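A short write-up of the structure that comes next.
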Amino acid sequence: QVQLVESGGGLVQAGGSLRLSCAASGRTFSSYRMGWFRQVPGKEREFVACISRSGGITYYADSVKGRFTISRDNAKNTVYLQMNSLKPEDTAVYYCAGSSAITRATSLSTYDYWGRGTQVTVSS
């Protein structure tokens with residue numbers, strides 16, 4: 001079992017930055033691929049970014065590529081999402097998730113564990 005707790009959300013003006021953190025419990029954090037997803041009311045949860053177990057491979061949704069950076073610190077059991085040049089359309093609840101799967105890194109169904117989410121609001 002892995003428990004995930006997100007933090008770092010808040011209200012920021014367009015063009016600003018936020019860094020989200022996701023702290024994981026358990027001693028097997030490094031055995032999970034980690035991802036960030038986001039959801040706005042009335043819409044499906046969507047993929048934002050993911051990172052491999054070692055941290056050497058990352059992948060981003062086109063909508064955030066070049067603005068967001070995912071990273072992880074396996075010694076601290078934590079994954080991060082640095083968000084720069086934020087836009088109002090980035091407003092959403094952001095969720096951290098962990099996956100034991102090898103393929104389909106952008107698919108929600110491959111993620112076994114989810115945090116409760118943190119709200120990010122970007123004002124124009």
Side-chain angles (χ1 to χ4, degrees):
Q1 278 282 2
V2 176
Q3 292 186 330
L4 303 174
V5 179
E6 302 95 338
S7 61
L11 173 64
V12 64
Q13 288 188 334
S17 299
L18 282 175
R19 187 174 86 152
L20 305 183
S21 299
C22 173
S25 65
R27 295 176 290 178
T28 58
F29 176 73
S30 60
S31 66
Y32 291 92
R33 177 182 72 207
M34 298 300 296
W36 285 96
F37 294 78
R38 65 188 182 186
Q39 187 171 22
V40 298
K43 292 190 176 181
E44 292 185 353
R45 194 170 297 186
E46 65 174 10
F47 168 79
V48 175
C50 64
I51 188 166
S52 62
R53 290 156 178 80
S54 67
I57 300 172
T58 57
Y59 187 73
Y60 299 91
D62 287 343
S63 59
V64 306
K65 201 172 295 181
R67 299 187 298 122
F68 290 11
T69 302
I70 188 172
S71 62
R72 67 189 297 165
D73 184 336
N74 287 343
K76 294 183 178 180
N77 282 9
T78 303
V79 62
Y80 305 96
L81 185 69
Q82 177 67 43
M83 305 185 295
N84 298 329
S85 302
L86 282 161
K87 304 175 181 180
E89 50 264 44
D90 293 319
T91 295
V93 176
Y94 283 72
Y95 297 90
C96 166
S99 172
S100 56
I102 297 175
T103 59
R104 301 173 61 204
T106 65
S107 175
L108 277 72
S109 64
T110 64
Y111 286 80
D112 309 292
Y113 303 102
W114 292 85
R116 291 189 174 184
T118 185
Q119 176 71 48
V120 171
T121 303
V122 184
S123 64
S124 57

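Being a predicted model, the structure only gives us computed values, none of them experimental. All values below were derived from every heavy atom in this structure, side-chain atoms included, with hydrogens, water molecules and symmetry-related copies excluded.
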field: Whether Arg67 side chain and Ser85 backbone form a donor-acceptor pair below 3.5 Å
entry: yes

query: How would you list, by chain and number, every residue that makes a side chain to side chain donor-acceptor pair (under 3.5 Å) with Ser30, sequence neighbours excluded?
result: none

- request: Using ring-ring contact (aromatic ring centres under 6.0 Å, His included) as the criterion, list what pairs up with Tyr94, not counting sequence neighbours.
  value: none

- prompt: So Phe37 and Trp114, would you call those rings parallel, tilted or perpendicular, with 30° and 60° as cut-offs?
  reply: tilted

- line: Nearest heavy-atom approach of Gln119 to Thr121 is NE2-OG1, 3.3 Å

field: ring-ring contact (aromatic ring centres under 6.0 Å, His included) contacts in which one or both residues fall within residues 7-32, not counting sequence neighbours
entry: Tyr32-Tyr113

query: Mind checking whether Tyr80 and Asp73 have side chains closer than 4.5 Å, heavy atoms only?
result: yes

message: Arg45: which residues meet the salt bridge (Lys or Arg N to Asp or Glu O under 4.0 Å) condition with it, sequence neighbours left out?
response: none

query: When rounded to the nearest 0.5 angstrom, what is the spacing between CG in Leu81 and CG in Leu18?
result: 9.5 Å

- line: Those residues at least two apart in sequence (or on a different chain) that pass salt bridge (Lys or Arg N to Asp or Glu O under 4.0 Å) with Arg38 are Glu46, Asp90

query: Residues in side chain to side chain donor-acceptor pair (under 3.5 Å) with Tyr111, at least two apart?
result: Arg33

Pairs touching residues 1-25 that satisfy side chain to side chain donor-acceptor pair (under 3.5 Å), sequence neighbours left out: Ser17-Asn84

- request: List for me each residue that meets side chain to side chain donor-acceptor pair (under 3.5 Å) alongside Lys65, sequence neighbours excluded, and say none if there are none.
  value: Asp62

Heavy-atom closest pair, residues Leu20 and Trp36: CB-CH2, 3.7 Å

- request: Could you list all the salt bridge (charged side-chain N to carboxylate O under 4.0 Å, His left out) pairs where at least one residue sits in residues 102-124, not counting sequence neighbours?
  value: none

statement: The side-chain contact (heavy atoms from CB on, under 4.5 Å) partners of Ile57 (sequence neighbours excluded) come to Ser52

- line: d(Thr28 OG1, Arg53 CZ) to nearest 0.5 Å is 11.0 Å

- prompt: For atom OH of Tyr59, is the number of surrounding heavy atoms from other residues, nucleotides or ligands below 6.0 Å larger than 12?
  reply: no

- prompt: Between the side chain of Thr91 and the main-chain N/O of Val122, is any donor-acceptor distance below 3.5 Å?
  reply: yes

statement: Hits for disulfide (SG to SG under 2.5 Å) against Cys50, two or more places apart or cross-chain, chain-then-number order -> none

- prompt: Under 4.5 Å between any side-chain heavy atoms of Leu4 and Met34, yes or no?
  reply: yes

query: Among pairs that include at least one residue of residues 51-124, which meet disulfide bond (SG atoms under 2.5 Å apart), considering only residues two or more places apart or in two chains?
result: Cys22-Cys96

